[in-house]
Amino acid sequence: MRSRTAAVASAAAACALAAVAAAVLPAGGGPARDRPAHSAPAAHAAPAPGPEAAAAAQCTDPEASLRPAGEADGPAVQRIKARGRLIAGVDQNSYRWGYRNPADGELSGFDIDLVRAIAKDILGDPGKVTFLAIPTSRRIPALQTGKVDIVARTMTITCDRIKQVAFSTAYFESGQQVMVPKGSPVTAFDDSLKGKKVCTAEGSTAELKVREEPHGSSLLTVPNQLDCLVRLQLGEVDAVVNDRALAAGQAAQDPSVQLVGKPFTTEPYGVAMNLADTDLVRRVNKVLEDYRSGGAASLWMKAYERWLAGDLKGITAPPEPKYRD
């Protein structure tokens, strides 16, 4: 077990990264250069029953999305084009996925590359994006109120969530895993957690899983996954339950922690959108078809090699898309 001084120093570094990110990209508004000149988009009206509502009512395969559209623009895509910018809800504290690089101040990561590809397809320029930092628990409300057009934030597609928002096809697949300090007696998501304090992000699938199967542990929820790493570093919690893909990035930031046990869920990530924006769902699925194509030379594999291969080894291809129409 490392010394308290080392733990506090590591925590301070993590907090400093979050603070720098928050200063440059505050929640609820992008950087000044990225803000649209006009007011925020109006909230969406409640969608009429349609294919998204029907899929949610009969949820047997939540990953099945709408087939890619042709070239015709629907109302959601027209809205984005008229504005001249795509508004995307993202994370700014998830290393490798969506984070503000302290070296150059740029927002970077696997999810960020995907958002830029969507902006390029719709607007012809990958830079025409307003990034909004959205806490885990605010992803769905941000879409329902029209604050953002899309959320690309390691968001798992579930039967419960497709009742509230629409999803693209899965662009990555992960699974929940336990992260602990090295030397911890916790060995997996099992009864070794008894009497321990576990941290998860509020509104995450990890929170739901720990509430369903606490294994004798107590639960602490925080706004973002990085907050759990800081709590772990300070000794305020004994373990973190998080998506393996995110936890691997955190372990890469702090070598005094490790993943234990095996992933115990399946977590397909999708780009989330408002239920009413079915034309945007189809357009994003078109982007994903292009993003996946090309085998080892695909944009998806290039992003994987750049951001994830060092921590998540052995992935040879993106998830196969599933469609329901």
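As the structure is a prediction and not an experimental result, all values here were calculated from the model.
The residue from Tyr99, Tyr171, Trp97 that alone fulfils the side-chain hydrogen bond (donor to acceptor under 3.5 Å, both in side chains) condition with Asp111 is Tyr171. Considering Tyr304, Trp307, Trp300, Tyr95 in turn, Trp300 is the only one that fulfils the ring pair (Phe, Tyr, Trp, His ring centres under 6.0 Å) rule with Phe110. A side chain to side chain contact (heavy atoms under 4.5 Å, CB included) with Phe131 holds for exactly one of Leu86, Asp91, Ile87, Val90; it is Val90.
The distance from the CD1 atom of Ile140 to the CD1 atom of Ile134 is 12.5 Å, given to the nearest 0.5 Å. A distance of 9.0 Å separates CD of Gln250 from CG of Leu259, quoted to the nearest 0.5 Å. Interatomic distance, NZ of Lys209 versus OG of Ser204, reported as 13.0 Å (0.5 Å rounding). Atom CG of Leu123 is separated from atom CZ of Arg116 by 13.0 Å, given to the nearest 0.5 angstrom. The line from CD of Glu202 to CG of Asp227 is 11.0 Å long, rounded to the nearest 0.5 Å. Between atom NZ of residue Lys128 and atom NZ of residue Lys120 there is a gap of 13.0 Å, rounded to the nearest 0.5 Å.
Note on Val165: it clusters hydrophobically with Val148, by side-chain heavy-atom contacts below 4.5 Å among ILVMFWY residues. The same ILVMFWY cluster, assembled from side-chain heavy atoms under 4.5 Å apart, contains both Leu229 and Val222. Under a hydrophobic clustering in which Ile, Leu, Val, Met, Phe, Trp and Tyr are joined whenever their side-chain heavy atoms come within less than 4.5 Å, directly or via other members, Val271 and Leu308 fall into the same cluster. Following chains of ILVMFWY side-chain contacts shorter than 4.5 Å, one cannot reach Leu312 starting from Val178, and the two form parts of different hydrophobic clusters. The cluster map of Ile, Leu, Val, Met, Phe, Trp and Tyr, joined by side-chain heavy atoms under 4.5 Å apart, puts Ile122 and Leu299 in the same cluster.
Residues Val77 and Ile80 have side chains not in contact (no heavy-atom distance under 4.5 Å, counting atoms from C-beta outward). Annotation: side chain of Val284 is in contact with side chain of Met273 (closest heavy-atom distance under 4.5 Å). Side-chain contact between Val260 and Met179 is absent, with no heavy atoms from C-beta onward closer than 4.5 Å. Using a 4.5 Å heavy-atom threshold, the side chains of Cys159 and Pro62 count as touching. Within the 4.5 Å cutoff, side-chain heavy atoms of Pro75 are placed close to those of Asp279. In this structure, the side chains of Thr156 and Pro268 come closer than 4.5 Å at one or more pairs of heavy atoms. Contact of the Asp238 side chain with the Val180 side chain is not registered, since no non-hydrogen atoms from C-beta on lie closer than 4.5 Å. Proximity of Val241 to Glu207: side-chain heavy atoms (C-beta onward) are nowhere separated by under 4.5 Å.
The two residues Ala166 and Val281 make their nearest non-hydrogen contact at CB-CG2, 3.7 Å. Taking each heavy atom of Tyr291 and Ala303 in turn, the nearest pair found is OH-CB, 3.7 Å. Between Pro185 and Lys196, the shortest heavy-atom distance links the atoms CG-NZ, 3.8 Å. When all heavy atoms are compared, the tightest approach of Ala170 to Glu63 is CB-OE1, 3.9 Å. Between Val257 and Lys182, the shortest heavy-atom contact is O-CE, 3.9 Å. Nearest heavy atom pair, residue Gly98 against residue Ile112, reads CA-CG1, 4.0 Å.
Between the side chains of Asp243 and Tyr269, at least one donor N or O sits under 3.5 Å from an acceptor N or O. No hydrogens or angles considered: nothing links the side chains of Asp160 and Thr158 as a donor-acceptor pair under 3.5 Å. Under the 3.5 Å distance criterion, with hydrogens and angles disregarded, a donor-acceptor pair is assigned to the side chains of Arg85 and Thr130. Looking only at atom types and distance, the side chain of Thr205 has a donor-acceptor partner in the side chain of Gln176 under 3.5 Å away. Between Glu267 and Thr265, the side chains place a donor N or O and an acceptor N or O closer than 3.5 Å (distance only, hydrogens not considered). In this structure, a donor-acceptor pair under 3.5 Å is present between the side chains of Gln233 and Asp254. Side chains of Thr169 and Arg292: a donor on one and an acceptor on the other come within 3.5 Å.
Judged purely by atom type and a 3.5 angstrom limit, Ser192 uses its side chain to pair as donor or acceptor with the backbone of Thr187. For the pair Arg139 (side chain) and Thr136 (backbone), a donor-acceptor distance under 3.5 Å is present. No side-chain donor-acceptor contact under 3.5 Å links Asn224 to the backbone of Leu226. Checking side-chain atoms of Glu305 against main-chain N and O of Met301 turns up no donor-acceptor pair under 3.5 Å. Side-chain atoms of Ser65 come within 3.5 Å of backbone N or O of Phe167 as a donor-acceptor pair. Although no hydrogens or angles enter the test, the distance criterion places no donor-acceptor pair under 3.5 Å between the side chain of Arg244 and the main chain of Gln177. No donor-acceptor pair closer than 3.5 Å links the side chain of Asn285 to the backbone N or O of Ser168.
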Exercise. For Ile118 and Ile150, what are the C-alpha separation, side-chain angles and deciding distance, and is it a side-chain contact (heavy atoms from CB on, under 4.5 Å)?
Worked result: CA-CA 10 Å; Ile118 294 169; Ile150 65 173; 4.0 Å; yes
Problem set entry | Check against side-chain contact (heavy atoms from CB on, under 4.5 Å), Phe172 and Ile315 | CA-CA 10 Å; Phe172 197 85; Ile315 297 175; 3.6 Å; yes
For this session: Go through the steps for Leu66 and Tyr323 under the test side-chain contact (heavy atoms from CB on, under 4.5 Å), then give the verdict.
Result: CA-CA 6 Å; Leu66 301 175; Tyr323 300 111; over 6 Å; no
For this session: Please lay out, stage by stage, how Gln164 and Leu275 fare under the test side-chain contact (heavy atoms from CB on, under 4.5 Å).
Result: CA-CA 7 Å; Gln164 304 170 77; Leu275 281 173; 5.7 Å; no
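Ion pair Lys81/Asp73 flagged as a salt bridge, since at least one NZ, NE, NH1 or NH2 atom sits closer than 4.0 Å to an Asp/Glu carboxylate oxygen. Remark: Arg282 does not engage Asp277 in a salt bridge, criterion side-chain N to carboxylate O under 4.0 Å. Using a 4.0 Å cut-off between charged side-chain N and carboxylate O, Asp121 and Arg283 make a salt bridge. A salt bridge is absent between Asp113 and Lys302; no separation between the charged side-chain nitrogens and carboxylate oxygens falls under 4.0 Å.
Taking the six-membered ring where the residue is Trp, Phe189 and His215 present perpendicular rings, their angle passing 60° and hence far from 30°.
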